[in-house]
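Some notes on the structure that comes next.
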Amino acid sequence: MDCTRVFDLPDEAAQTALGERLGRACRPPLRVYLHGDLGTGKTTLVRGALRAMGWTGAVPSPSYTLVEPYETPAGSACHVDLYRLADPAETEGLGLREYLDGPWCCFVEWPAHGAGALPPADLELELRIAGSGRQVRMTARSPRGRSALEGL
């Protein structure tokens, strides 16, 4: 079932463009989990995806709000950042099930902080610094994830 593609991104513009391609390929419901150290550009990639889905407003990092919902012309989306969670059980108080189990495209940063409390991802992205750019490894974990990955 798993299908993987690797993208080498020389700069932030390339990372945003890949996010835009992802946004155009997203069809709700879809759970996209983003892994990577601080500064690898997880929010940059999500910002590109939301722009491609038709969102025209600001796209702040949800580091403090933890969950940011968006109603876009392409469907409902949410951007989640679990970095500040100390225990996966804390996800219960965030109302994430409404998003993760509903008709949403959910972009979840730091999903390891919710390990065991989150449903499986449809698409997992591993971001890492590669020289002066980034490398993104995308792995489909479900038929929906595979469809999104093939749509890039």
Side-chain angles (χ1 to χ4, degrees), residues 1-7 9 15-128 134 136-152:
M1 167 55 61
D2 290 356
C3 174
T4 300
R5 290 182 65 188
V6 176
F7 300 87
L9 309 170
Q15 191 157 357
T16 299
L18 179 61
E20 291 170 352
R21 289 170 54 193
L22 177 61
R24 286 189 294 274
C26 284
R27 298 292 176 266
L30 187 72
R31 293 184 292 259
V32 179
Y33 292 177
L34 297 100
H35 306 271
D37 292 335
L38 289 170
T40 55
K42 295 178 293 295
T43 297
T44 298
L45 203 135
V46 173
R47 191 172 288 129
L50 290 170
R51 293 271 183 251
M53 293 175 75
W55 183 256
T56 57
V59 180
S61 172
S63 295
Y64 295 101
T65 57
L66 303 183
V67 179
E68 287 287 338
Y70 297 90
E71 290 298 332
T72 77
S76 300
C78 71
H79 186 190
V80 179
D81 187 332
L82 302 179
Y83 181 74
R84 297 186 317 126
L85 295 189
D87 186 302
E90 293 179 66
T91 61
E92 291 305 315
L94 299 177
L96 288 180
R97 286 290 174 181
E98 170 190 347
Y99 302 110
L100 295 170
D101 293 339
W104 295 73
C105 281
C106 295
F107 301 95
V108 181
E109 296 186 31
W110 302 98
H113 289 231
L118 299 177
D122 294 306
L123 188 60
E124 287 194 87
L125 281 60
E126 296 174 37
L127 294 88
R128 67 178 193 86
R134 303 292 185 268
V136 180
R137 175 183 296 274
M138 293 188 186
T139 303
R141 303 283 187 204
S142 74
R144 287 190 302 249
R146 187 179 190 98
S147 178
L149 188 56
E150 290 173 350
L152 291 179

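In plain terms, the two heavy atoms of Met53 and Ala77 that are nearest each other are CE-CB, 4.0 Å. Nearest approach of Gly36 to Trp110, heavy atoms of both residues: O-CH2, 3.3 Å. Of all the heavy atoms in Ala49 and Phe107, the pair that sits closest is CB-CZ, 3.8 Å. When all heavy atoms of Ala148 and Leu30 are compared, the closest pair comes out as CB-CD2, 4.0 Å. Scanning all heavy atoms of the two residues, the minimum distance from Val80 to Leu82 falls at CG1-CD2, 3.6 Å. When all heavy atoms of Pro28 and Cys105 are compared, the closest pair comes out as N-SG, 3.7 Å.
At least one donor-acceptor pair under 3.5 Å links the side chain of Arg31 to the backbone N or O of Leu100. Remark: side-chain polar atoms of His113 are paired, donor with acceptor, to backbone N or O of Tyr83 under 3.5 angstrom. Side-chain N or O atoms of Lys42 include none that pairs as donor or acceptor with a backbone N or O of Val108 at under 3.5 Å. Arg144 places no side-chain N or O within 3.5 Å of a backbone atom of Arg141 that could act as its donor or acceptor partner. Of the possible polar contacts, none joining the Arg84 side chain to the Leu66 backbone as a donor-acceptor pair under 3.5 Å is found. In this structure, Arg134 contributes its side chain and Thr40 its backbone to a donor-acceptor pair below 3.5 Å. A side-chain donor-acceptor contact under 3.5 Å links Arg47 to the backbone of Val59.
Here the SG-CG distance, from Cys106 to Leu123, works out to 13.0 Å after rounding to the nearest 0.5 Å. The distance from the CD atom of Glu71 to the CH2 atom of Trp55 is 8.5 Å, given to the nearest 0.5 Å. Note that the OG atom of Ser76 and the OH atom of Tyr70 stand 13.0 Å from one another [nearest 0.5 Å]. Here OG1 of Thr139 is found 8.0 Å from CG of Leu125. Values are rounded to the nearest 0.5 Å. Put simply, CG on Asp122 and CZ on Arg27 are 14.0 Å apart, with the number rounded to the nearest 0.5 Å.
For residues 95-105, every residue pair satisfying the side chain to side chain donor-acceptor pair (under 3.5 Å) rule, not counting sequence neighbours, is listed here: Arg97-Asp101.
Counting only heavy atoms from C-beta outward, the side chains of Thr16 and Thr44 approach each other to under 4.5 Å. Between Phe7 and Arg21, the closest side-chain pair of non-hydrogen atoms falls below 4.5 Å.
Paired with Met138 under the rule side-chain contact (heavy atoms from CB on, under 4.5 Å), one option of Thr4, Leu152, Val6 passes, and it is Leu152.
No more than 12 heavy atoms of other residues, nucleotides or ligands lie within 6.0 Å of CZ in Arg137, so this atom counts as exposed by the packing criterion.
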Task: Intermediate values then yes/no, side chain to side chain contact (heavy atoms under 4.5 Å, CB included), Leu127 and Gln15 - done: CA-CA 10 Å; Leu127 294 88; Gln15 191 157 357; 3.3 Å; yes
